[in-house]
2 protein chains.
Amino acid sequence: MTDQSVSYLHRKLAMPPKPDVSEKRTAQILEAAREVFARKGFHKARMEDIAARANLSKGTLYLYFKNKDALITALLDRLFQSEMSDLRAIQQEDAPAAERLWRFMETITADVQGSWMGILPVVYEFLALIFRNPLVQKAFRQYLRTYIALSIPIIEDGIARGEFRPVDPQEAALALGALFEGTLLLWVYDPETVDVERHIRSGFQILLEGMRA
Amino acid sequence: MTDQSVSYLHRKLAMPPKPDVSEKRTAQILEAAREVFARKGFHKARMEDIAARANLSKGTLYLYFKNKDALITALLDRLFQSEMSDLRAIQQEDAPAAERLWRFMETITADVQGSWMGILPVVYEFLALIFRNPLVQKAFRQYLRTYIALSIPIIEDGIARGEFRPVDPQEAALALGALFEGTLLLWVYDPETVDVERHIRSGFQILLEGMRA
DNA sequence: TAACTGACTGACTGGTCAGTCATAAAATAC
DNA sequence: GTATTTTATGACTGACCAGTCAGTCAGTTA
């Protein structure tokens with residue numbers, strides 16, 4: 001994706017032995033942005049707020065990011081990039097398909113319980129943008145497609161082994177994905193009623209039962 | 001839209017005895033707000049835009065709503081109020097539980113295909129607010145709880161009749177709800193991959209299969 | 001020690017927009 | 001017909017904030 005960061009402009013051919021601070025700063029600013037955006041939302045978060053949170057001045061933000069939009073976009077990339085690598089990290093060993101799907105879910109759920117709680121507000125902030133921002137559209141689409149591409153083979157394998165009845169693999173993959181994302185959503189609706197871990201587990205169990213041969 | 005302006009003026013000339021205009025105006029403004037908010041989002045939608053869409057002037061908006069926030073809140077009420085009545089309208093006749101759940105889902109899905117398409121962007125706009133606005137929190141929570149309160153008895157009934165195996169009714173209800181909301185969400189992620197009607201149906205089928213005694 | 005450089009700063013500017021209000025027109029009452 | 005009230009208008013204002021830029025400073029380098 002287009003790198004909106006400006007800092008590379010300063011890099012000359014033969015860099016003198018000077019610690020390149022720009023990567024550190026970029027990360028520092030993005031982390032501050034994540035926190036402030038989560039707390040205030042994209043609009044009410046002022047560049048000043050982010051700068052303060054990063055212990056920098058407003059002007060410095062503009063040394064590393066062209067404008068507020070570029071900062072938001074960079075955060076989008078960072079978010080989905082880490083999510084993607086989480087998805088791909090899931091081992092594809094030779095276990096029963098049901099078990100592999102379980103582990104698949106558990107890995108993602110663990111992430112939710114860990115880092116995601118701090119970024120869920122930002123994710124839903126992005127979701128509100130999805131209808132009018134092609135970059136955001138692309139990120140979410142890519143996320144879904146990666147998930148599907150990874151889970152369909154597991155389901156197909158399960159069918160081939162006679163572990164599952166011959167469901168449509170894509171339909172099953174989407175059902176599993178929908179159950180996951182939907183449970184998360186319902187938790188956002190009402191954290192008191194929904195226990196993410198428990199209800200993803202129980203819903204998942206019913207679904208797998210429905211797929212069993 | 002311009003035509004509406006004309007007819008409205010004509011209607012005004014032929015005033016019935018006591019035409020309480022305020023209810024009509026309120027609805028007129030809310031509908032305009034829904035459209036503009038869906039297109040631009042809460043922040044970028046200017047009061048002027050909404051006024052123009054409603055064929056009124058900005059000042060008039062402030063005769064009916066205290067400020068922009070009040071307008072947004074009123075829209076929230078209107079949205080969830082109609083959703084609630086949709087939920088409650090579902091017949092509770094004496095059919096097999098699976099069939100009643102089917103009809104439950106189909107009713108909501110039909111709504112989605114109809115009016116929801118125009119309000120989904122607004123719903124997700126509200127979702128972004130849920131973390132920092134208690135009113136929005138309350139609305140979503142109420143929605144979930146109503147859904148649960150309505151679907152649990154059906155599931156309990158299905159278990160009592162021996163139609164379903166003894167799953168936890170609330171867990172099953174949440175799984176069904178999550179599947180529904182999640183599929184909608186995945187459709188937003190990637191409308192090309194997900195066919196709302198088909199995939200809600202197929203996911204639902206797997207879930208019900210997993211509940212069968 | 002003087003010149004240079006890259007990193008950073010924050011006061012300032014220009015544009016935007018929610019909300020106000022003086023004015024007016026239409027509807028109704030008298 | 002005139003008075004009163006209800007409804008509507010849109011120019012105006014003040015707050016707000018993204019983005020700019022002239023200037024500071026801590027290290028180099030010569």
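Treat the numbers as computed from the prediction; the structure is a model and nothing was measured. Chain letters run A, B, ... following the sequence lines, proteins first and then strands; every chain starts at 1.
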* To do: Describe, as an angle rounded to 10 degrees, how the axis at the first end of the helix from C:dT1-D:dA30 to C:dC30-D:dG1 is tilted relative to the axis at the last end, five pairs per end.
  =>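 Inter-axis angle at the ends, rounded: 10°.
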For residues 72-84 of chain B, dump all side-chain donor-acceptor pairs below 3.5 Å to protein atoms at least two apart in sequence or in another chain.
| residue | atom | partner | partner atom | Å |
| --- | --- | --- | --- | --- |
| B:T73 | OG1 | B:D69 | O | 3.0 |
| B:R78 | NH2 | B:E31 | OE1 | 3.4 |
| B:S82 | OG | B:L79 | O | 2.9 |

Would you mind reading off the distance between [X] atom [atom1] and [N] atom [atom2], rounded to a whole angstrom?
X     : N      : atom1 : atom2 : value
B:Y64 : D:dT9  : OH    : P     : 9 Å
B:F65 : D:dA8  : CZ    : C1'   : 16 Å
A:N67 : D:dC21 : CG    : P     : 15 Å
A:L63 : D:dC21 : CG    : P     : 13 Å
B:K68 : C:dC17 : NZ    : C1'   : 8 Å
A:L71 : D:dC17 : CG    : P     : 16 Å
A:Q28 : C:dC8  : CD    : C1'   : 12 Å

* **Stretch residues 41-59 of chain A: residues that reach within less than 4.0 Å of DNA chain C through a heavy atom** => A:L56, A:S57, A:G59
* To do: Look at A:D49 together with A:R39 and state whether they make a salt bridge at an N to O cut-off of under 4.0 Å.
  => no
* Should A:R103 and A:E99 count as an ion pair when the cut-off is N to O under 4.0 Å? -> yes
Can you name the residues that form a side-chain hydrogen bond (donor to acceptor under 3.5 Å, both in side chains) with [X], not counting sequence neighbours?
X      : result
B:S57  : B:T60
A:R141 : none
B:N133 : none

* Considering only side-chain heavy atoms of B:Y62, which listed nucleotide, D:dA8, C:dT20, D:dA18, is closest? ->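 So the side chain of B:Y62 is nearest to C:dT20.
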* Do the two ring centres, one from A:F126 and one from A:F37, sit under 6.0 Å apart? ->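 Between A:F126 and A:F37, the centre distance exceeds or equals 6.0 Å.
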* Under the 3.5 angstrom rule, does the side chain of A:K58 hit a backbone N or O of A:R46 as a donor-acceptor pair? ->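 Absent.
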* A:L71 backbone acceptor or donor facing A:Y64 side chain under 3.5 Å ->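 Checking the backbone N and O of A:L71 against the side chain of A:Y64, no donor-acceptor pair under 3.5 Å is found.
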